[in-house]
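Positions are given from 1 along the sequence.
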Amino acid sequence: MDYTLEQVRAVVAVADTGHFGRAAQSLSRTQPPLSRAVQKLEAAVGARLFERTPRGAVLTAAGAAFLPHARRLLAEAADAGAAAREAAAGRTGRVRVGFTVLAGLTVLGEHLAPAREHLPGVRLELEEADSRAQLAALAAGTLDLGLVRGLPPGTDLRARLVRSERLVAAVPAAHPLAGRASVTLTDLAAHPLVTHSADLAPALHRLVDAAFTAVGARPPVAATANQVHTLLALVDAGVGAAVVPAGVLRLRLDGVRYLELDEGDGHRPDRHRAELFRVHRPDPAPALRALLDVLPAGVSRA
């Protein structure tokens, strides 16, 4: 039982006007093709839908039963077309967004707000993950947009710098340096340090290591951590001090004191800054393309 939307539209027009000629006019058609369309549909369903009368056309019982379904078919067809156009324009769909803990504290909000304002039909699926896991998910196609630290060499991912942060020191409340307002890296290197994992947080590990190397210091390592909140928990527990991006200043723990890093030992803050990138594949889907168009273009600094 095959029939076309054109035939269904013809039946609805005849039912609404009660007349084949007026139905043809309402569809900007001539009457003979419209009559044939109705006849073909009647043949397809195996029932007469109209009684032809001298004054026009009247629905049969079969026609009356068919009509509400016909109206729904036309409405569904219109909705399907609209849905396709909305999706093609990026006004509907989903974007899977990954973010690190510090990205969640600093830039995630300014990425979500434009989406809510300009793209209410786009569903954002948020996933907290470290940078390495996000980059792997982007490569595998299971993540659409990532907020990450550092980029692997040779990647074809598209990246934009969204935040640049100075480094600060985090020390236990009972630490010998805790009473100071600022401290040098050389001072910190005389005490045990909690560091970022070289394997699971390589960008921050390399950054902090380079900062100490630049001033000729090599601190003893008391422990390593994969995530910044774990690192701060170790500082809070008195395991050691740490050097972290300034975004952590939003995380307050009773047993942690934050100190600025001064330049007394030659430390150059602008040479060692923690950078956060917005990253995506080179072939974004329409919803992601639309989101990228409304996201902030500037770089926040701390």
Inset, instruction - Consider only side-chain heavy atoms of I, L, V, M, F, W and Y, link residues closer than 4.5 Å, and tell whether Leu108 and Val122 are in one cluster. - result: yes

Legend entry - Sub-4.5 Å side-chain heavy-atom contact between Leu177 and Asp187: yes

Inset, instruction - Output yes when Lys40 and Asp2 qualify as a salt bridge under the 4.0 Å nitrogen-oxygen rule, no when they do not. - result: no

Legend entry - Shared hydrophobic cluster, Val162 / Leu126 (ILVMFWY, side-chain heavy atoms < 4.5 Å): yes

Inset, instruction - Nearest 0.5 Å please: distance from the CG atom of Asn226 over to the CG atom of Asp199. - result: 9.0 Å

Inset, instruction - For Thr60 and Arg48, indicate whether the former's side chain and the latter's backbone hold a donor-acceptor pair under 3.5 Å. - result: yes

Inset, instruction - Kindly say whether Leu147 contributes a backbone atom to a donor-acceptor pair with the side chain of Gln134 at under 3.5 angstrom? - result: yes

Inset, instruction - Determine, for Arg123 against Glu125, whether the closest basic-nitrogen to carboxylate-oxygen distance falls under 4.0 angstrom. - result: yes

Legend entry - Qualifying residue, where the test is salt bridge (Lys or Arg N to Asp or Glu O under 4.0 Å) with Glu165 and the options are Arg149, Arg250, Arg301: Arg149

Inset, instruction - Decide side chain to side chain donor-acceptor pair (under 3.5 Å) for Arg55 and His19; before the verdict, give the C-alpha distance in whole Å, the side-chain angles of both, and the deciding distance to 0.1 Å. - result: CA-CA 8 Å; Arg55 302 185 63 179; His19 194 278; over 6 Å; no

Legend entry - Nearest-0.5 Å distance that lies between atom OG1 in Thr195 and atom CG in Asp209: 9.0 Å

Legend entry - Heavy-atom donor-acceptor pair, Arg281 side chain to Ala139 backbone, under 3.5 Å: yes

Inset, instruction - Side-chain contact test, heavy atoms from C-beta onward, threshold under 4.5 Å: evaluate it for Leu288 versus Leu145 and give yes or no. - result: yes

Legend entry - Side chains of Pro220 and Leu193 in contact at under 4.5 Å (non-hydrogen atoms): no

Inset, instruction - Output the distance between atom CG (Leu261) and atom CG (Leu188), rounded to the nearest 0.5 Å. - result: 6.5 Å

Legend entry - Considering all heavy atoms, the nearest Val183-Ala169 contact: CG1-CB, 3.9 Å

Inset, instruction - Examine distances only and state if a side-chain atom of Ser35 and a backbone atom of Gln31 form a donor-acceptor pair shorter than 3.5 Å. - result: yes

Inset, instruction - Would you sort out whether Val244 and Leu204 count as a side-chain contact (heavy atoms from CB on, under 4.5 Å), showing the intermediate values? - result: CA-CA 8 Å; Val244 292; Leu204 287 176; over 6 Å; no

Legend entry - CZ (Arg218) with more than 12 external heavy atoms under 6.0 Å: yes

Inset, instruction - Might you point out which heavy atoms bring Val239 and Ala222 nearest each other, and give the distance in Å? - result: O-CB, 3.6 Å

Legend entry - Donor-acceptor contact present, side-chain Asp236 to main-chain Gly255, <3.5 Å: yes

Inset, instruction - Supply the atom-to-atom distance Glu86 CD to Arg91 CZ, rounded to the nearest 0.5 angstrom. - result: 4.0 Å

Inset, instruction - Please indicate whether Arg52 has more than 12 foreign heavy atoms, meaning atoms of other residues, nucleotides or ligands, lying under 6.0 Å from its CZ. - result: yes

Inset, instruction - Look at the side chain of Arg158 and the backbone N and O of Asp156, then say whether any donor-acceptor pair between them is shorter than 3.5 Å. - result: yes

Inset, instruction - Measure from the side-chain N and O atoms of Arg96 to the backbone N and O of Gly141, and report whether any donor-acceptor pair falls under 3.5 Å. - result: yes

Inset, instruction - Check for a donor-acceptor pair, side chain of His205 on one end and backbone N or O of His196 on the other, with a separation under 3.5 Å. - result: yes

Legend entry - Side-chain heavy atoms of Arg71 within contact of Asp16, under 4.5 Å: yes

Inset, instruction - Side-chain contact test, heavy atoms from C-beta onward, threshold under 4.5 Å: evaluate it for Pro32 versus Arg36 and give yes or no. - result: yes

Inset, instruction - Treating Ile, Leu, Val, Met, Phe, Trp and Tyr as nodes and any side-chain heavy-atom pair under 4.5 angstrom as an edge, say whether Val194 and Leu167 lie in one connected cluster. - result: no

Inset, instruction - Verify, without hydrogens or angle tests, whether Arg257 (side chain) and Asp254 (backbone) share a donor-acceptor contact under 3.5 angstrom. - result: yes

Legend entry - Taking every non-hydrogen atom, the tightest pair across Leu34 and Val14: CD2-CG2, 3.7 Å

Inset, instruction - If a pair satisfies ring pair (Phe, Tyr, Trp, His ring centres under 6.0 Å) and one of its residues is in residues 222-259, list it, with sequence neighbours excluded. - result: none

Inset, instruction - Determine yes or no for a side-chain-to-main-chain donor-acceptor pair under 3.5 angstrom, with Gln7 supplying the side chain and Thr4 the backbone. - result: yes

Legend entry - For the student: nearest non-hydrogen atoms of Leu291 and Ala115, plus distance: CD1-CB, 3.6 Å

Legend entry - same_hphob_cluster(Leu249, Val101) at 4.5 Å side-chain heavy-atom cutoff: yes

Inset, instruction - Give the C-alpha distance, both sets of side-chain angles, the deciding distance and a yes or no for side-chain contact (heavy atoms from CB on, under 4.5 Å) between Val215 and Thr184. - result: CA-CA 9 Å; Val215 299; Thr184 66; over 6 Å; no

Inset, instruction - Rounded to the nearest 0.5 Å, what's the gap from OG1 on Thr30 to CD on Gln25? Could you check? - result: 11.0 Å

Legend entry - OG1 on Thr224 to CG on Leu200, rounded to 0.5 Å: 8.5 Å

Inset, instruction - I would like to know whether Tyr3 and Leu73 meet side-chain contact (heavy atoms from CB on, under 4.5 Å); could you show each step before the answer? - result: CA-CA 12 Å; Tyr3 46 83; Leu73 280 173; 4.2 Å; yes

Legend entry - Over all atoms of both residues, closest heavy-atom pair of Leu276 and Ala103: CD2-CB, 3.7 Å

Inset, instruction - Look at Arg289 together with Asp144 and state whether they make a salt bridge at an N to O cut-off of under 4.0 Å. - result: no

Inset, instruction - State, yes or no, whether a side-chain contact exists between Thr100 and Asp130 at a heavy-atom distance under 4.5 Å. - result: no

Inset, instruction - Give a yes or no on whether Leu41 and Leu5 share a hydrophobic cluster (residues Ile, Leu, Val, Met, Phe, Trp, Tyr; joining criterion: side-chain heavy atoms under 4.5 Å apart). - result: yes

Inset, instruction - Report the C-alpha distance between His280 and Leu157 in whole Å, list the side-chain angles of each, state the deciding distance to 0.1 Å, and finish with yes or no for side-chain contact (heavy atoms from CB on, under 4.5 Å). - result: CA-CA 6 Å; His280 61 86; Leu157 296 173; over 6 Å; no

Legend entry - salt bridge (charged side-chain N to carboxylate O under 4.0 Å, His left out) against Arg206, all qualifying residues, sequence neighbours excluded: none

Inset, instruction - Using a 4.5 Å cut-off on heavy atoms from C-beta on, say whether the side chain of Phe66 contacts that of Leu59. - result: no

Legend entry - Carboxylate-amine/guanidinium proximity below 4.0 Å for Glu260 and Arg180: no

Legend entry - Given Leu105, Val256, Leu232, the one that forms side chain to side chain contact (heavy atoms under 4.5 Å, CB included) with Val248: Leu232

Inset, instruction - Of all the heavy-atom pairs spanning Ala241 and His175, show the shortest one and how long it is. - result: CB-NE2, 4.2 Å

Inset, instruction - Could you verify whether a donor N or O on one side chain and an acceptor N or O on the other, from Arg273 and Ser164, lie under 3.5 Å apart? - result: yes

Inset, instruction - Decide yes or no for Val11 and Phe50: does some side-chain heavy atom of the first lie under 4.5 Å from some side-chain heavy atom of the second? - result: yes

